[in-house]
Amino acid sequence: MLDKTYSPRAIEDKHYRQWEDGGYFKPGGRPDATPFTIVIPPPNVTGSLHMGHALNNTLQDVLCRYKRMGGYDVLWQPGTDHAGIATQMVVERKLAAEGNEGRRDMGREKFIERVWDWKAESGGVILNQLRRLGASCDWSRERFTMDEGLSDAVRHVFVTLHGQGLIYRDQRLVNWDPAFETAISDLEVQQVEADGSMWSIKYPVEGAEGTFLTVATTRPETMLGDSGVAVHPEDERYAHLIGKHCILPLVGRRIPIVADDYADPEQGTGAVKMTPAHDFNDFEVGRRHDLEMINILTVDARINDNAPEKYRGLDRFEARKAVLADLEAEGLLVGEEKIRHSVPYGDRGGVPIEPYLTKQWFVDAKELAKAAIASVEQGRTKFVPGNWSKTYYEWMRNIQPWCVSRQLWWGHRIPAWYGPDGEIFVAMTEDEARTKAEAHYGKPVALSQDEDVLDTWFSSALWPFSTLGWPEKTDVLARHYPTDVLVTGFDIIFFWVARMMMMGDHFMEEEPFHTVYVHALVRDEKGQKMSKSKGNVIDPLDLMDKFGADSLRFTLTALAAAGRDIKLSEDRVEGYRNFMTKLWNAARFCEMNECRLDPTYDPKAAGQTLNRWILGELGRTRDAVTAALESYRFNDAAGAVYQFLWHTFCDWYLEFAKPLFSGEDAAAQAETRATAAFVLERTLRLMHPVAPFITAELWVHLKGEAGAEADPLIRAHWPEDGAEALVDADADKEMDWVVRFISAVRSVRSEMNVPAGAQVQVHCLDMRDEAKGWLTRHEALIGRLARIDGFEFPTEPAKGSAQLILDEATLAIPLAEVIDLGAERKRLEKEIAKTEGEIAKIEKKLANQSFLAKAPDAVVAENRDRLAEEQAQRAKLAEALERVRQAG
RNA sequence: GGGCGCGUAGCUCAGCGGGAGAGCACUGCCUUCACACGGCAGGGGUCACUGGUUCAAUCCCAGUCGCGCCCA
């Protein structure tokens, strides 16, 4: 016997262990089946489960479980990402906290060892948290971006792209994070709004005493690296100065005045200082005019030896103060305007980044993007919702060279070696590089490997095929690449999706997936992004502790409407926990009433109207859930199940079944028991992808231990019979009438304040024979649900009755003693007014000649029918009102 | 400045050319033998605004206002 309330903790671990031990998460058991493959967006190995993961993985699990039940050979490939900067940061902090020597003192090799130690010890916490959520990944295939195979793939890709000229080393401006002393990619830079100043500085013009060019800047310290001033070629104010020079204040350098379109005559004075080594725009201008690139910063953003001695060693912000003070003293600082502007910050280091001139490795993303753009344009990969393809195009069509080298230690070391003269040898191994070098120099030479590692996303980009064994030609790769769906948040379309597409197209000559399902961000109940600093983080683990994994999963699924962010509050989860309890109790009720599965049960042979009706509703629900999942409308799938289970099966069907269960008709009773069990069983299947634990538990109760073992829910087949097979139009019509009968009587009782416990009589007037038959057939259940203890068919209603209209019939409830005739009159008048409103609307429509001429016949006919119905209703109500008036 | 999106019941949101929906919240009644994590009944909306297309617009188009997010 099931407990009275559902206790998730008692069952979740048990079922998960059974699934994992039983090998149900592994593909390969169905060699003839179509494969279905998802690769997990690998969480950071340092990470722990947050709401975004919970949503992302719930949706993937829903798809995988649904497909598994649909007979596919499912592989959900799990793993983690080494997360270069984040992990290095975590371990460095930990070492510091434990009083160890720092990374640099320790040395590269020892530090990396420590990172691996840390990974072994506490890495992958998140994977156990995903198990808790119910994720049906094939854990036996777990991969890590730094493991041997994936590292091999990375080297292979690097060497190949280099050989094809698609990876090159170049001296360019990059985004430099002075906190970590590494280059980062454009995408890792966040623009942050901040208060700042725009300072105006006078630069004296050489050979023209008293003539100055005034320039403006938010970063005055960069003037130490200025190598020119630009004005617009058509700016008449400055035409005579082009080709002359300024003398750079504080430095004394002679810098040219050049003409370039970049200078906007409308902005400020129209003259712009040029710092080509520390500003992206200036860099371009500098290239056009061959301006000197003067780097004035050290790797930790202090002033270096290229600046006058007094500023050397100053931090960039100290230098700013010093420069401003000195300019002020010389009378060259002529203005300061307070402004709001956006300042670039490194997303990990938390300090402003500097454009910095260094040698780095770049991927020719523009070239690789061509095929990746075509893949989407030509429909081989589709975004769901489709709008995201615009975001993808936007990024891909304006793509910049991708800086892939990082001055970190934790990551894939770049497979490039340098000869004594700086000649580069890119190779899979050091031996290979040595061979190449020997061929180049004609003798063995000492080589040194590039110190840098690759951007983490470089290895992530290979994930859809590197995890399947590439560059080896494995069977799994052949069977499961391309994968089917990528499920991800929109925030990493650029970081990840775009790059997987490029690498997949290039190396596999086939897109890594045919569909990219983009889900929303999970926000707090006020729509704020969850963040630790705001303190509004809802921890999915807490929610699972409190309400169970299924409740959380169901909530996220029900809220996962395409294209809108999810505002989550604990109340929502509680609500869906209540739904789980409802299911639990429905099953409990069935159990108590001996609803057992009958192996010979044939839904198409059911005789009872009630049973034929619920089977039809089940069929419709099956179709709705199937269609929703096929089109990634997760919220509709959850909604359809919720509506059916609670408001159809529990609210009506089980209530209808009660009198049968306690009644005399043994055949009807047996059929209803079997039907209830059958419908419950099918409902468990339909719900299993979203709520795997509770459905698995109830499955065992319904099937028995042995039965569940022989036919575990996780691989039970998805119900095939839908509306077409199961709906019986006559049963629908009949039960619809019964439902309306009961609802109408209940409504009048409630409005007329008839005590809930009191039994009433109902007099049926003008009722057609068909309906009389229905009433007779369902008298017991109608009586029970509407609290009626007698039906009569008089020609006149008793005086002092409450009256209601049901189709052609008038139902009168004699309430001689208790009825308030005034209230009843008002109630009927209100009903009439409502009906007349409808009639007016429809009459207006039907009076319109254009409507009659142009609207489809079916629409016109429908309106005519509705008008007739409303008019009949009004007439009946009017008669009823007249009777009340006479009684009064 | 460029791009994407959103304004529908008190709140959160579905719907998106032909009768305004759900969940939660709210009101009244009910401890009825599955469930008070429950049942029954009910109140509540010029579908942001202004034009246009159409026989018909919450839905399509244009504009206005308000609010997000992304990229410069």
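Quick note on labels: first sequence line is chain A, next is B, and so on, each numbered from 1. Every value quoted in this text rests on a predicted model; they were computed, and no experiment measured them.
Across B:rA34, B:rG19, B:rA36, the shortest atom-to-atom separation from the side chain of A:Arg866 is found for B:rG19. Nearest nucleotide to the side chain of A:Thr581, out of B:rA41, B:rC37, B:rA34: B:rC37. Across B:rC37, B:rC40, B:rG23, the shortest atom-to-atom separation from the side chain of A:Thr5 is found for B:rC37. Relative to the side chain of A:Arg746, the nucleotides B:rA34, B:rA41, B:rG23 differ in distance, and B:rA41 lies closest. Taking only side-chain atoms of A:Lys582, from C-beta outward, the nucleotide of B:rG39, B:rU32, B:rG19 with the closest atom is B:rG39. Each of B:rA41, B:rG43, B:rG19 was ranked by its minimum atom distance to the side chain of A:Lys830; first place goes to B:rG43. Of the listed nucleotides (B:rG23, B:rG18, B:rG39), B:rG23 has the atom at the smallest distance from the side chain of A:Tyr642.
Checking A:Asn387 against A:Lys841, the closest nucleotide of RNA chain B that is more toward the 5' end is the one next to A:Asn387. Nucleotides of RNA chain B nearest to A:Leu852 and A:Phe494 differ in position, and the one nearer the 5' end is that of A:Leu852.
Taking atom P in both B:rG63 and B:rA22, one finds a spacing of 35 Å when rounded to whole Å. Across B:rC40 and B:rU31, the matching P atoms stand 15 Å from one another, rounded to whole Å. Nucleotides B:rC69 and B:rG15 place their C1' atoms 24 Å apart, quoted to the nearest Å. Nucleotides B:rU58 and B:rC16 place their C1' atoms 8 Å apart, quoted to the nearest Å. Taking atom C1' in both B:rU53 and B:rG17, one finds a spacing of 12 Å when rounded to whole Å. Comparing the same atom, C1', in B:rC13 and in B:rG52 gives a spacing of 30 Å after rounding to whole Å. For B:rA25 and B:rC33, the C1' atoms lie 31 Å apart once the distance is rounded to whole Å. Spacing of P atoms, B:rU12 relative to B:rG7, comes out at 12 Å, to the nearest Å.
Taking only distance into account, the side chain of A:Glu655 meets the base of B:rA34 through a donor-acceptor pair shorter than 3.5 Å.
A:Arg633 has a side-chain polar atom (N or O) that falls below the 4.0 Å cut-off from OP1 or OP2 of B:rG15.
Checked against a 6.0 Å centroid threshold, the rings of A:Tyr576 and A:Tyr642 count as neighbours. Taking the six-membered ring for Trp and the full ring otherwise, A:Phe656 and A:Trp652 have centroids separated by under 6.0 Å. When ring centroids are compared, A:Phe634 and A:Phe554 stay outside the 6.0 Å threshold. The six-membered or imidazole ring of A:Tyr6 lies near that of A:Trp584, with a centre-to-centre distance under 6.0 Å.
At a threshold of 4.0 angstrom between heavy atoms, the contacts of A:Cys650 include nucleobase atoms, whether or not backbone atoms are also involved. Residue contacts shown for A:Lys658 include a base, since a base heavy atom lies under 4.0 Å away. As judged by a 4.0 angstrom heavy-atom cut-off over every strand, A:Asp651 is placed among residues touching the sugar-phosphate backbone only.
Residues A:Met501 and A:Val376 have side chains in contact (heavy-atom distance under 4.5 Å, counting atoms from C-beta outward).
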